[in-house]
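This is a predicted model, so every value here is computed, not measured. We count residues from 1, following the sequence as given.
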Amino acid sequence: MDYNQEQKQDRKTLLWAALAVLLLLNLVLVYFIYHEKQENLAKDEIITAKTEEVLSIKTKLDSISTELDIKIAEIQKLGGSVDSLVALKAQLEKDKKELKNANTYSAASYNKKIKNYESVLSEKDGEIARLKQELGIATTKNEELSEKVTGLESEKQLLADSVTTYSAQNKELSEKVTLASALRAESVSVNAVSSKGKEREGGKYRAKRIDKLRVNFKLGENAVAKQNEKEIYLRILDPDGAVLSDMATGSGSFIFNGKELIYSSKQTVSFTNTGQSVDIFYGRGGIPMKDGKYAIELYSEGFKIGQGDFTVK
């Protein structure tokens, strides 16, 4: 009995010892878990603080980048040099890219860079103010010059208007002189010439007795007209308005008021301003002539100088 009791006692002692060891182990485990949790919290706080710091720096760099763009555009508009700012903008973009690299990140280094960037922006504000002042002076000079140019343009326009007026007057005078110099065919008559050379006058003729037509007229005196050789064109129009012509016997064409006209015959006359008489012949070449009234038209130097008519029956 004593032996059994002693065994039970030993077992109980061992059990308590085991429980004590287990409790001790649990306490150690709880301690390590708590310690690790505290370390993790401290690490999280560090990471959060660093993240906020990086975001703050990135925000400042983005703001500086925007200001640089504004300064570059403004200085370019004012005619200043932006080479240094363009180079600075490239360096800024490089710094923003390297901000993501944790191995090279240094808050102190970036804060120093930010101060340098802000210092340059402040200097450029002074440069912009100076350029605006210079531009203001240049603008005033340009306005004065513009006023002078406007005055010169006005004088030039007045002169041009005067030249235009004189040109129009000269043109009008020239046209009047040209018109005044036009020849005048006076006393236009048409005689019929038979194949035997017998000539009839009166203005009314039988078709079978017409072999040729002799158109006679006088050139009226004109002191303005040049005394030189004149080409005089004769047009004979039948009752239907068709021009009598035969290219084989001397008919052709000439230009009148920009249009091509066919002529029946032509004559070169040396104008002497003496009221000289002129004859122009047209041979019908065996072509029968219609009955009816024929019109005669005479042209020279771009003018219609006379007209007449005769009748075939």
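Electrostatic pairing of Asp125 and Lys71 counts as a salt bridge here, judged by a charged N lying under 4.0 Å from a carboxylate O. Salt-bridge formation is not detected for the pair Lys196/Asp211: no Lys NZ or Arg NE/NH1/NH2 atom is positioned less than 4.0 Å from an Asp or Glu carboxylate oxygen.
Residues Phe303 and Leu183 are not in side-chain contact: their nearest non-hydrogen atoms beyond the backbone lie 4.5 Å or more apart.
Identified under the ring-ring contact (aromatic ring centres under 6.0 Å, His included) test for residues 239-260, with sequence neighbours left out: Tyr233-Phe254, Phe254-Tyr299, Phe256-Tyr299.
For the atom pair CD1 (Ile296) and OH (Tyr282), the distance works out to 10.5 Å, reported to the nearest 0.5 Å.
The number of heavy-atom neighbours closer than 6.0 Å to NZ of Lys304, taken from other residues, nucleotides and ligands shown, is above 12.
For Lys218, there are no salt bridge (charged side-chain N to carboxylate O under 4.0 Å, His left out) partners, not counting sequence neighbours.
Of all heavy-atom pairs between Asp309 and Val190, the closest is O-CG2, 4.4 Å. The shortest heavy-atom contact between Ser81 and Ile75 is O-CG2, 3.8 Å.
Side-chain atoms of Ser264 come within 3.5 Å of backbone N or O of Ile236 as a donor-acceptor pair.
Between Tyr205 and Phe310, the angle of the ring planes lies from 30° to 60°, which puts this pair in the tilted group.
Side-chain atoms of Lys230 and Asn228 include a donor-acceptor pair closer than 3.5 Å. Side-chain contact check for Ser270 and Glu229: no donor-acceptor pair (N or O, by modelled atom type) lies under 3.5 Å.
Under the side chain to side chain contact (heavy atoms under 4.5 Å, CB included) rule, Lys293 has a single partner from Thr311, Asp238, Leu237, which is Thr311.
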